[in-house]
Amino acid sequence: MTKFKRNKEEIITAYIIILPWLLGLSIFIVGPIISSLMFSFMDYSIVLPPKFIGLGNYKRMFLNDPLFWKSLYNTLYMTVIGVPLNIVLALSVALLLNQKLKGEALFRTIFYLPSVVPQVAISLLWMWILNPQVGLINYLLSLFGIKGPMWLASEQWAKPAFIIMGLWGIGGNMVIFLAGLQNVPQHLYDAAIVDGANIWQRFRYVTFPMLSPTIFFLLVMGIIGTLQIFTQAYIMTAGGPMDATLFYVYHLFNKAFRDFHMGYASAMAWFLFIIIFIATIINLKLAPKWVYYESE
Amino acid sequence: MKSYMRILILGVLFVFSLVSFSIVSSAAKKTLEVWAPGGKIWEDTYQEFQRTHPDIELKFVPLTGGFDERKQKLLSAVAGGVPPDVMWVDRFEVSQWAAFDALTPLNKYIPKYKLSPSQYIRQTWDEAIFPWDNQLYALPWQTDNRIIFWNKDIFKEVGVNPDKFPITWEEQLEVNKKLTKFDDKGNVTRIGFAVVEGLGANGSEWVLGWANGGEYMTARSTKVTLNHPKLVETLDWLVKMTDVSGGVEKAAAFKGTWGIEVQAPFFVGKIAAMINGNWTFENIARYAPNLNFGVSPIYRRDVYLKEKKLVPITFSGGHAFAIPKGAKNPEDAFEFIRWITGINGTRAYRNASIAFSKSMNRPWAPIIFAYQAANKESLEALAEQPVTQAIKDGVKLSFDLMAYTRFRDRSPAALLMQREFLGHARDEALYHKKTPKQALDDATRTIQAELDRLLDEWEKRTGKKLR
């Protein structure tokens, strides 16, 4: 009996201790999630009371808002091209930096450094690097006799410019790959060498399978992150030129906070959630075909 | 364990008592919560209010962040039912706030305080009226306008008369061609006459449209007329003007090389002439006091073509003070906004800004207040300032131009209009993606659809009929 009482007291204490977190979670996360779902079926201008309009917001989104499709296209473009490129490059750099070389720590630091720079600072810096007249990139291109594009001022090149800029930040992924590479047991390589595997075969049949869980993780996180891309466009291009960098979340932001269409923006947010959800499910379904877990 | 619990409970009780105490004590005193800009000049101004209004306890919360951030903060406060008593708003947004019922109409205070629209610059007062219900929702504080600035030395250098700015579009296009310069790789190194906002100009599209006889909306803002033939014609000219620099992409690339302050493009000869705001005068005084510049009003093209007469026109924006819906202390709030926009508040602000400039060892030039009598005092104060006669004359001209000014059409879709027009339709034309007509037709449809939605909602809610 006394033991039970003490347990009860402990339980209460535990709840009191986690109460701040629990309150924070329910008030600031679960609450808004539920209300945004409700608002997505309402006409809600924030200041006026919401009004139920059924699927009105979703209908308007799919049928009457060309910018919705444009912003979705822009975002998928960034995801489909940017994410794989980022992973391939991060993996390549990680493989290079995994060599036992003099000064490897220094090189790793250099490659990782951009990842600790805030997004806003990166954006401002890259506006200079990408400047067609005096920027570094076009200067380097001009050394090879190439006339560089107009980058952020060009409708065709603005998105590629953002992708290139994103590659500067591969440091984070690179570190994760390096950690993954440390976990590949040396004896597998030894066995492969004994079997006469060349460097490509060692990568293809040892490194890649052993790293596949890491690649999978970075792919999933990369897709989720890129689908929510916002800051760069907000600071550098304001969505332009001609909506070429109007990304999904930027359009959502315009609708919510500039036009006061919180209901519509909520619907957009939920549609984005569905896209991310489906993308993740597909990833998970495809995973067994190429991701190798040692424990299996 | 038990004592631990006791401490926890005591802690919670303590926090609760603090909260309830502060609620009780704040109810006992007559406080006035004001969300407005901060900084030395403003704080001095608020202090003057506090000194002259000892019965009101002014609680000032500085607005930080950019335009978007400020708007979000106000929006959440109003939506949450805890708005400040006074808030500082962009006048061009007043109608959007009013349409969503976020502001208190001020009409009932006007007779009580013997206010009259004639005390203010008429256009700034009108801009604070929501055209759907004709109620006043804010008192205008400050304003600005747009004029043509040019660098006389560059004009001389290329052989253009430096003392008179060309008047017709054809002449201006010619001069633009003469003044625009490229390097041997074909990069722009100087824009001749900047008339596109963001590419060296400010507010130019709006005023040029009016100057050509165009209208962006009908009088009560129920119909969008952005594809008005005169506006199409204006955009077409803007495209031609931009193509002078080899197209908008080249101009945008050039813009990336511009600096600010002493390195601002107009001060270092990267722009030969531009349509820009009256704030440029103070910047010239501060960053380029030796600049040999000329100023001219923008003239009505429609009147000139018909009667060969020069009638100026300009475009004004600015800020205002409003009382949010649900403000707890609207009476004192009105006293505050009347005071701060009136003769005493503007005087306090001017004195503080002169003192501040002096303490920073900077030249001073006045802003334009919405309150008429304040501007007379500002010009008197300017006369005593150690700035060049050219600055003084220019400021005087910009003050005089307020009689001819216009403001962007007031509507809850004003922000969308701005985005669709300048961020969208204009760019589609400048990039030669659509003809000016197509671009403006499309934008008109988009804005009208949004406006209709807003009108439907507003008519249903208020029971009034506008269409």
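Chain letters run A, B, ... following the sequence lines, proteins first and then strands; every chain starts at 1.
- Proximity to chain B (any heavy atom under 4.5 Å) is restricted, for A:W128, to the side chain, taken from C-beta onward.
- Highest contact tally toward chain A, considering only B:L416, B:D183, B:L454, B:D101, is held by B:L416 [criterion: heavy-atom pairs under 4.5 Å].
- The pair A:D259-B:R419 meets the salt-bridge criterion, since a charged nitrogen lies less than 4.0 angstrom from a carboxylate oxygen.
- For the set B:L415, B:T446, B:T257, B:D427, the entry with the most heavy-atom pairs within less than 4.5 Å of chain A is B:T257.
- No donor-acceptor pair closer than 3.5 Å links the side chain of A:N74 to the backbone N or O of A:F247.
- Annotation: maximal heavy-atom pairing with chain B below 4.5 Å, among A:L67, A:I46, A:N131, A:L48, occurs at A:L48.
- Atom NZ of B:K464 is surrounded by more than 12 heavy atoms from other residues, nucleotides or ligands within 6.0 Å.
- Under the 4.0 Å criterion applied to side-chain N and carboxylate O atoms, B:R445 and B:D442 are assigned as salt-bridge partners.
- With B:K250 contributing its side chain and B:G186 its backbone, the two residues share a donor-acceptor pair below 3.5 Å.
- Residue pairs meeting the side chain to side chain donor-acceptor pair (under 3.5 Å) criterion with at least one member in residues 42-62 of chain A, sequence neighbours excluded: A:S40-A:Y58.
- Your options are B:K255, B:K325, B:H424, B:E428, and the one with the most heavy-atom pairs under 4.5 Å with chain A is B:H424.
- When the heavy atoms of residues 430-440 of chain B are compared with those of chain A, the residues falling under 4.5 Å are B:Y431, B:K433, listed by number.
- Although no hydrogens or angles enter the test, the distance criterion places no donor-acceptor pair under 3.5 Å between the side chain of A:T245 and the main chain of A:T237.
- Salt bridge present: B:R453 and B:E450 bring a charged side-chain N and a carboxylate O closer than 4.0 Å.
- Scanning for salt bridge (charged side-chain N to carboxylate O under 4.0 Å, His left out) contacts around B:D133 gives an empty result, with sequence neighbours left out.
- Within the 4.5 angstrom heavy-atom criterion, no atom of A:L152 approaches chain B.
- Side chain of B:T242 to backbone of B:V248: no donor-acceptor contact under 3.5 angstrom is found.
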- Item | Steps toward side-chain hydrogen bond (donor to acceptor under 3.5 Å, both in side chains) verdict (A:W270, A:S36) | CA-CA 8 Å; A:W270 275 90; A:S36 80; 2.8 Å; yes
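- Looking at B:R461, the atoms closer than 4.5 Å to chain A (heavy atoms on both sides) all sit in the side chain, from C-beta outward.
- For chain B, no part of A:Y264 is nearby; none of its heavy atoms comes within less than 4.5 Å.
- For residues 78-94 of chain B, a heavy-atom distance under 4.5 Å to chain A picks out B:V78, B:A79, given by residue number.
- Under the 3.5 Å distance criterion, the side-chain polar atoms of B:R426 are matched with a main-chain donor or acceptor of B:E197.
- Only the side chain of A:D243 comes within less than 4.5 Å of a heavy atom in chain B; its backbone stays farther off.
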- Task: Any chance you could lay out the side-chain hydrogen bond (donor to acceptor under 3.5 Å, both in side chains) test for B:D68 and A:Y234, step after step, and finish with the verdict?
- Result: CA-CA 11 Å; B:D68 285 322; A:Y234 183 72; 2.7 Å; yes
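- A donor-acceptor pair is defined here as one N or O able to donate and one able to accept, closer than 3.5 Å; such a pair exists between the side chain of B:T189 and the backbone of B:K181.
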